[in-house]
Amino acid sequence: MVIMRWSESLIRTLREAPREAEAVSHKLMLRAGLVRRLAAGLYTYLPLGLRVIRKVEQIVREEMGKQGALELLMPTLQPRELWEISGRWDDKELGMLKLKNRENREFALSPTHEEIITDLISREVRSYKELPLNLYQIQTKFRDEMRPRFGIIRAREFIMKDAYSFDVDEESARRSYEKMYEAYSNIFRRCGVKARVVEADPGSMGGEKSEEFIVLADRGEDIIVSCSECDYAANMEGAQRKEEDEKGQEKAKPLEEIETPEIRTIKELKSFLKEAPEQMIKTLIYQTAEKTFAVLISGDREINEIKLKRLLGCEHLQMADAETVEKVTGAPLGFSGPVGLKGIGIIADQGVTKIINGITGANKKDRHIRNVNIGRDFHPDEVADISYVREGDKCPRCSGGLTIGRGIEVGHIFNLGKKYSRVLKATFLDKEGKEKEVVMGCYGIGVSRMVAAIVEQNYDSEGIIWPREVSPYQVHLLLLNARDPNTVEVANRIYEELIGAGIEVLLDDRNEQAGSKFKDADLLGIPLRLTVSSKRVSERKIEIRNRRDGEECVIATEEILNKVKELIKTEQVKNNRRLSKVI
RNA sequence: CGGGGUGUAGCGCAGCUUGGUUAGCGCGCUUCGUUCGGGACGAAGAGGUCGGCGGUUCGAAUCCGCCCACCCCGACCA
């Protein structure tokens with residue numbers, strides 16, 4: 001029998017959070033006695049915390065299973081040789097922790113398992129008849145993080161679910177990818193978190209397409225742009241915005257050259273001319289391996305070089321040095337402008353088209369020009385979205401307001417293509433007997449991190465509010481007058497009855513003050529709280545309270561089981577309804 | 001790895017500027033008594049290499065140097 005009596009457990013709550021904790025989830029997880037820190041980024045999951053981990057794992061297993069994925073378990077320690085084949089042994093980005101055994105053989109503590117699983121498949125799969133396959137594991141991963149943060153959110157050692165799909169062709173691989181997308185949506189909903197999907201850069205994983213599932217939270221490691229009206233979300237690099245529709249009604253005035261001694265930056269120009277930066281056309285000279293060109297952007301915005309690179313389809317891009325600027329514009333740094341600029345291409349950010357009677361450099365030392373207008377005074381070769389978005393910009397999908405905040409990456413799905421199957425020779429024979437490379441995908445979920453993400457989205461001033469399916473227990477049974485034998489007896493009977501019905505109950509049988517028990521119950525955050533007190537016992541009644549909305553009712557003791565079952569069901573419905581809205 | 005901050009009892013903190021008895025406070029913990037529906041009260045107790053090492057000094061939690069740990073910002077990021 002699993003111990004579910006507080007007096008026999010190891011649940012140690014803290015009234016105050018240790019100084020080390022800053023993030024809400026970190027503080028609450030320490031205070032509620034879910035985890036304890038061993039060293040930076042290394043945590044022990046106490047019994048209560050482990051129960052939550054197991055709940056998340058269970059949901060993951062069920063949803064993966066529904067999509068036909070099979071669970072397996074691969075070694076944590078992996079030989080160098082395999083990583084040499086994929087060329088990732090020296091990949092700094094993975095943060096591999098490398099070590100040697102006593103015979104000086106080199107190993108790594110696995111940061112991820114593409115190499116191992118692809119090697120496995122290369123040995124086991126021969127025919128197209130054996131595909132598709134989706135294999136996953138839930139296992140401890142190591143990453144030698146430069147900077148672990150936010151408690152369990154960015155840890156050195158963490159629990160991760162990683163899945164790998166193997167298909168005969170791109171078409172089939174796309175279906176496998178969609179299945180995982182579906183599984184992930186279900187997993188996050190059941191875990192009680194609202195996740196936003198963000199297009200991501202595949203980075204060191206390689207491959208063609210990847211999407212991140214991000215949980216919006218005050219403390220997260222990623223900067224996320226999200227819409228407050230719809231589900232749109234993106235990282236800073238990829239975020240787009242809708243440009244204001246209407247152009248001002250102001251009439252174009254004639255050009256006017258003005259003297260601006262030693263005034264080079266937007267900031268200086270602003271205080272010198274007393275004009276708003278939105279009126280200024282910032283002109284920057286960029287260089288790639290092949291060419292030099294000018295980039296125009298509104299004075300109040302910043303150029304997003306990632307977007308610019310994508311537009312140009314180039315790898316390397318840099319700002320031109322002072323000498324080059326002088327050569328192409330005829331003026332020193334700080335006085336560049338598009339008017340009269342010859343011999344180089346001009347790319348304008350979309351916002352520039354809305355500037356009427358703008359101010360820009362005159363391409364002459366200590367001179368700027370006023371009343372510059374696009375179409376009349378200069379003609380960009382290309383107009384595109386090449387700026388970073390800002391707080392308050394319009395959502396590209398629904399025109400709602402964009403917010404810049406933080407998020408926690410809890411899931412990431414990749415379409416890997418043949419990157420690994422090619423080098424590790426994972427091939428099969430197709431219907432025609434031709435040898436082909438397997439098309440792969442990989443799909444991660446940070447299980448331990450998910451627990452922190454859940455807390456970040458489910459708490460109040462008193463403590464955690466567990467979504468039903470991940471709560472360590474379903475019912476928190478408070479025994480108030482632990483010295484009154486009659487009350488104790490009733491509490492025990494209810495405890496046995498609920499447990500007998502398969503409901504997970506935590507019985508707070510400590511001989512503590514009522515106030516302490518209530519406070520701890522709020523801190524722990526179990527969805528249903530039952531209070532057994534001598535006062536109510538004499539009336540043959542018991543109190544039930546919902547942790548999330550504080551709703552309370554008093555019912556007869558013999559109705560408890562039915563009532564609890566009903567409330568558990570209701571709680572699930574509420575969870576789903578809550579998550580269908582944008583958070 | 002760069003910048004900033006913090007290390008004093010299990011947790012939160014004071015003391016350090018201006019060196020000087022047995023290093024304090026709140027919470028928690030132990031025992032006894034009274035309490036008992038939103039973190040009770042009284043009494044008695046246990047618990048400290050003041051992060052470490054070295055230096056200055058008659059004397060260091062306090063001044064100086066080096067190191068370590070942890071947290072925050074950045075770079076980086078399954």
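Just so we're on the same page: letters track the sequence lines, and every chain starts at 1.
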Next on the checklist: Less than 4.5 Å apart, side chain to side chain, heavy atoms only: is that true for A:Gln139 and A:His113?
Outcome noted: yes
Item to check | Of A:Gly444 and A:Val532, the one whose closest RNA chain B nucleotide lies more 5' | outcome: A:Val532
Checklist entry - Would you call A:Ile53 and A:Ser448 a side-chain contact if the rule is heavy atoms closer than 4.5 Å? => result yes
Checklist entry - Taking atom C1' of B:rG12 as reference, at what distance in whole Å does atom CG of A:Leu30 sit? => result 14 Å
Checklist entry - Are the side chain of A:Ser210 and the backbone of A:Phe414 linked by a donor-acceptor contact shorter than 3.5 Å? => result no
Checklist entry - When the C1' atoms of B:rG15 and B:rU62 are considered, how many whole Å apart are they? => result 9 Å
Next on the checklist: With rounding to the closest Å, how many angstrom separate the C1' atoms on B:rU8 and B:rU49?
Outcome noted: 12 Å
Checklist outcome for this item: From CZ of A:Arg12 across to P of B:rC27 the rounded distance in Å is 17 Å
Checklist entry - So with a 6.0 Å cut-off around CZ of A:Arg12, is the heavy-atom count from everything else above 12? => result no
Checklist entry - Looking only at atom P, what distance separates B:rC58 and B:rC13, rounded to whole Å? => result 37 Å
Checklist entry - Is there a Watson-Crick or G-U wobble partner for B:rU62 with both distances under 3.5 Å, and which nucleotide is it? => result none
Checklist entry - Between B:rG39 and B:rC64, how far is it from one P atom to the other, in whole Å? => result 45 Å
Checklist entry - Think A:Arg36 has a side-chain N or O under 4.0 angstrom from the OP1 or OP2 of B:rG10? => result no
Checklist entry - Taking N and O atoms by type only, does the side chain of A:Arg143 place a donor or acceptor under 3.5 Å from a partner on the base of B:rC77? => result no
Next on the checklist: Can you confirm whether A:Glu551 is buried at CD, in the sense that more than 12 heavy atoms of other residues, nucleotides or ligands lie under 6.0 Å from that atom?
Outcome noted: no
Check nucleotides 68-70 of chain B against the protein and report each pair of N or O atoms closer than 3.5 Å, with its distance, or say if there are none.
from: B:rC70; atom 1: OP1; to: A:Ala40; atom 2: N; distance (Å): 2.9

Checklist entry - What about A:Arg147, does its side chain sit under 3.5 Å from the base of B:rG74 through a donor-acceptor pair? => result yes
Item to check | Complementary nucleotide for B:rU34 - Watson-Crick or wobble, under 3.5 Å | outcome: B:rA40
Next on the checklist: Could you tell me how far apart A:Met146 (CE) and B:rA78 (C1') are, to the nearest whole angstrom?
Outcome noted: 13 Å
Next on the checklist: So if I take every side-chain heavy atom of A:Arg406 and compare against B:rC73, B:rG39, B:rA78, which nucleotide ends up nearest?
Outcome noted: B:rC73
Checklist entry - What does A:Phe150 touch in the nucleic acid at a heavy-atom separation under 4.0 angstrom: a base, only the sugar-phosphate, or nothing? => result sugar-phosphate
Checklist entry - Heavy atoms under 4.0 Å, any strand shown: does A:Asp162 hit a base, just sugar-phosphate, or nothing? => result nothing
Checklist entry - To the nearest angstrom, how far is A:Arg15 atom CZ from B:rG10 atom P? => result 19 Å
Checklist entry - Within 45 degrees of the axis of the six-membered ring of A:Tyr473 and under 6.0 Å from its centre: does A:Arg51 put its NZ or CZ there? => result yes
Checklist entry - Do the side-chain N or O atoms of A:Arg149 get closer than 4.0 angstrom to the phosphate oxygens (OP1, OP2) of B:rC73? => result yes
Checklist entry - Between B:rA78 atom C1' and A:Arg449 atom CZ, what is the distance in whole Å? => result 8 Å
Checklist entry - Given atom CD of A:Glu212 and atom C1' of B:rA78, what is their separation to the nearest angstrom? => result 10 Å
Item to check | B:rU56 pairs with, by Watson-Crick or G-U criteria that keep both distances under 3.5 Å | outcome: none
Next on the checklist: Does A:Pro18 reach a base, just sugar-phosphate, or nothing at all? Heavy atoms under 4.0 Å.
Outcome noted: sugar-phosphate
Item to check | Partner nucleotide, any strand, of B:rG24 [Watson-Crick/G-U, under 3.5 Å] | outcome: B:rC13
Item to check | d(CG, A:Asp520; P, B:rC27) in whole Å | outcome: 17 Å
Checklist entry - Charged N to carboxylate O under 4.0 angstrom, A:Arg548 versus A:Asp460? => result no
Next on the checklist: Hydrogens and angles aside, do A:Gln58 and A:Glu62 bring a side-chain donor and acceptor to less than 3.5 Å of each other?
Outcome noted: yes
Checklist entry - Is there a Watson-Crick or G-U wobble partner for B:rG45 with both distances under 3.5 Å, and which nucleotide is it? => result B:rC29
Checklist entry - If you look at every strand shown and take non-hydrogen atoms under 4.0 Å, does A:Ala17 touch a base, only sugar-phosphate, or nothing? => result sugar-phosphate
Next on the checklist: On the nucleotide B:rA40, are OP1 or OP2 found under 4.0 Å from the side-chain N or O atoms that A:Gln513 carries?
Outcome noted: yes
Next on the checklist: Between A:Arg529 and B:rG38, is there a contact of a side-chain N or O with OP1 or OP2 at under 4.0 Å?
Outcome noted: no
Checklist entry - If only side-chain N and O atoms of A:Arg483 are considered, is one of them under 4.0 Å from the OP1 or OP2 phosphate oxygen of B:rU35? => result no
Checklist entry - What integer number of Å spans the C1' atoms of B:rU22 and B:rG51? => result 24 Å
Checklist entry - Side-chain N or O of A:Arg19 less than 4.0 angstrom from OP1 or OP2 on B:rC71? => result no
Next on the checklist: What contact category does A:Leu480 fall into here, base, sugar-phosphate, or nothing, at under 4.0 angstrom with non-hydrogen atoms?
Outcome noted: base
Checklist outcome for this item: note: A:Asp222, atom CG; B:rA75, atom C1'; distance rounded to Å ~ 14 Å
Checklist outcome for this item: Out of B:rC36, B:rG12, B:rG38, minimum distance to the side chain of A:Asn481 belongs to B:rC36
Next on the checklist: Tell me whether the NZ or CZ atom of A:Lys517 lies within the 45° cone about the ring axis of A:Trp6 and under 6.0 Å from its centre.
Outcome noted: no
Next on the checklist: Taking pairing as Watson-Crick or G-U wobble with both contacts under 3.5 Å, can you name the mate of B:rA69, or confirm there isn't one?
Outcome noted: B:rU6
Item to check | Rounded distance in Å between the C1' positions of B:rU17 and B:rU21 | outcome: 22 Å
Next on the checklist: Rounding to an integer number of angstrom, what distance separates B:rC41 and B:rG59 when you compare their C1' atoms?
Outcome noted: 43 Å
Checklist entry - RNA chain B: A:Ala23 or A:Asn511, which has the more 5' nearest nucleotide? => result A:Asn511
Checklist outcome for this item: Ranking B:rG26, B:rC71, B:rC36 by distance to the side chain of A:Glu22, first place goes to B:rC71
Next on the checklist: Under the criterion ring pair (Phe, Tyr, Trp, His ring centres under 6.0 Å), I'd like the reasoning laid out for A:Tyr181 against A:Phe213: C-alpha separation, chi angles, the key distance, then a yes or no.
Outcome noted: CA-CA 9 Å; A:Tyr181 190 104; A:Phe213 287 76; 5.4 Å; yes
Item to check | Nucleotide forming a Watson-Crick or wobble pair with B:rC76, both distances under 3.5 Å | outcome: none
Checklist entry - In whole Å, what separates the P atom of B:rC67 from that of B:rG48? => result 31 Å
Next on the checklist: Out of the candidates A:Tyr43, A:Tyr459, A:Phe150, only one should pair with A:His26 under the ring pair (Phe, Tyr, Trp, His ring centres under 6.0 Å) rule; please name it.
Outcome noted: A:Tyr43
Next on the checklist: From C-beta outward on A:Lys519, which listed nucleotide comes closest to its side chain: B:rG26, B:rG39, B:rA78?
Outcome noted: B:rG39
